[in-house]
Amino acid sequence: MAVVKHETREIRSAEDIVLVRQAVRAWAIELGFRLVDQTKLVTAASELARNIVDYGGGGTVVIEALNDAERRGLRLRFEDHGPGIEDVDTALRDGYTTGGGLGLGLGGARRLVNEFEIVSAPGRGTRVTITRWR
Amino acid sequence: MPTDPWLAHIVSKFESEILADWIQHQLAADTLRRDLMSEAELVEQSRAFLGLLREAVQKGNLADTTGPEWTPVREMLACVSRARAKQGFTASETATFVFSLKQPLFARLRGEVGTDVDALGDAVWRTTVLLDKLGLYTAESYQKGREEVIARQQQEMMELSTPVVKLWEGILALPLIGTLDSARTQIVMENLLERIVETGASIAIIDITGVPTVDTLVAQHLLKTVAAARLMGADCIISGIRPQIAQTIVHLGVELTNVITKATLADAFTVALERTGATIAPRSGHV
Amino acid sequence: MFESGSSVERIPILKMGSYLLVTIQVDMHDRLATSLQDDLTARIVETRARGVLIDISSLEVVDSFIGRMLGNIAAMARVLDAETVVVGMRPAVAITLVELGLSLPGVRTALNVDKGMELLRGSVERVAKVNSRGRRQARDA
């Protein structure tokens, strides 16, 4: 699997969430994703970017275009150095929230992509990597 | 292994004679398909192939037909084989194109090499190995051609077998036929939702009378479609659920409480008409 | 923050008879969505609107935040005695919301503005009828 192209973006404010959505949309179109798949990816990106703004104290997203032997994909790596998540399993459960929302962010984002990986520890920040294949 | 001097010699010296013999063989063979291909076409393909073969044999390594000097030969064979696969030739009929060249070549080798049995044996062996390789390559290309035909037909069938039809003003129906896999269901459902927007239909009937079985994923896709349609402002009715499918749905624990289900498409249509404010009544004279 | 700058940016709310009409045409950032929620509730009270129609046919993405906002608006409007109808959700958006696990309970939907208005009129008239019958019964009793 090879990374064909990549881009890093800062996520600090609500405006950045919009910019991340637009960037992911542009990449998904360029890679030839179908409309429904584009929408799923952009929505997942929006959820994760908002987590960074609301809970992570800002961070970054790395957008990577992947090329496998027979397929193409888009990988997004969201990273912050915020307080981290104590119990990842609980955080992934629908309805779990610390911020007064619906708590669909992490679990919902996971359902919208093909691969989902989360690494987090209290005080060490959070890294969520999602991939969707075309 | 280097090129074979004898083979290179005869294809240069007797190209037109070999071509004539070869065409004669092909025209006389049982595998000839005059219904699928004209004589002129056969002559043209044979001439082109023999020309490319001569060039490759002169400079190329006979033992390795994957090398760059064999590229034109391989491309030509791939092209011919795929075309024949689409035209309806069988695999043997297609491979015979290459194998039928053996006899004319062997005859010329015998004539040229003369009485040196060892040299003749070597030359014939190398030639037969070469043509076997090219023949197998032809068969593989033919196979690929067939696969392309099958893939295209599958695509066409998918489009054919899932038409979204308008039953009445504001009522669409999607009669599903055949086995549903997850990928197909997804495409079909997206298509239905698009048509709902285009037509402004407020009710869609998904009829699964023609669907033999439903697995968990497909059942979930159906339900997700119903939920998505509702978010868009349209209702779905699922009709034609067979007894086995009803059992599957219950065993899978799939929640159907919020979905309108009807035994037949006709029942579903009646409900849909009521919802849109229309009714079907017998004409007064016929009561 | 940028209070003075962002307060200029608002989503317009149109009044049509006793209904309010909102067409969301931009990819909203979260503060804009929140201010729409505030503005709408204020306008419902101010205009005594009986219904709210939100057209989201231009929206290419509805994430859980926007989805929650739509649900909140419908719930708040109901408390203020107004019906809410969300119209024009795109198929790709609907499929994504379902996958996300958001079914917008309590939000009524319609395919387009025309059908949304029909739905609003129908339900407002029904409510009016029930109310007047209730009053009559109370008087007769």
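Just so it is clear: chains get the letters A, B, ... in the order the sequence lines come, proteins before strands, and each one is counted from 1. Since this is a predicted model, take the numbers as computed values, not measurements.
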Any heavy-atom pair between the side chains of A:Val18 and C:Met28 that's under 4.5 Å?
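Counting from C-beta outward, C:Met28 and A:Val18 never come under 4.5 Å.
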Does A:Thr39 reach the side chain of C:Glu60, with side-chain heavy atoms less than 4.5 Å apart?
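When only atoms from C-beta onward are counted, C:Glu60 and A:Thr39 do not touch, as no gap falls below 4.5 Å.
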Do side-chain atoms of A:Arg25 reach the backbone of C:Val61 as a donor and acceptor pair under 3.5 angstrom?
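It does not hold such a pair.
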Are any side-chain N or O atoms of A:Glu47 and backbone N or O atoms of C:Asp63, one a donor and one an acceptor, separated by less than 3.5 Å?
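No, the answer is negative, given that no donor and acceptor are paired below the 3.5 Å cut-off.
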Could you give the distance from [atom1] ([X]) to [atom2] ([Y]), rounded to the nearest 0.5 Å?
X: C:Arg90; Y: A:Leu35; atom1: CZ; atom2: CG; value: 7.5 Å
X: C:Leu100; Y: A:Arg110; atom1: CG; atom2: CZ; value: 13.0 Å
X: C:Ile66; Y: A:Thr43; atom1: CD1; atom2: OG1; value: 10.5 Å
X: C:His29; Y: A:Arg50; atom1: NE2; atom2: CZ; value: 12.0 Å
X: C:Asp30; Y: A:Ser13; atom1: CG; atom2: OG; value: 9.5 Å

Do C:Arg31 and A:Glu15 sit within salt-bridge range, that is, some charged N less than 4.0 Å from a carboxylate O?
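The answer is yes: the pair qualifies as a salt bridge.
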CZ of A:Arg124: more than 12 outside heavy atoms within 6.0 angstrom?
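Counting other residues, nucleotides and ligands, CZ of A:Arg124 stays at 12 neighbours or fewer.
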More than 12 non-hydrogen atoms from neighbouring residues, nucleotides or ligands closer than 6.0 Å to CD on A:Glu86, yes or no?
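Counting neighbours around CD of A:Glu86, 12 or fewer heavy atoms of other residues, nucleotides or ligands fall under 6.0 Å, so no.
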For chain C, which of A:Val36, A:Asp37, A:Ile17 has the most heavy-atom pairs under 4.5 Å?
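Option with the top pair count is A:Val36.
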For chain A, which residues from residues 44-55 of chain C have at least one heavy atom closer than 4.5 Å to it?
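Residues of residues 44-55 of chain C touching chain A at under 4.5 Å: none.
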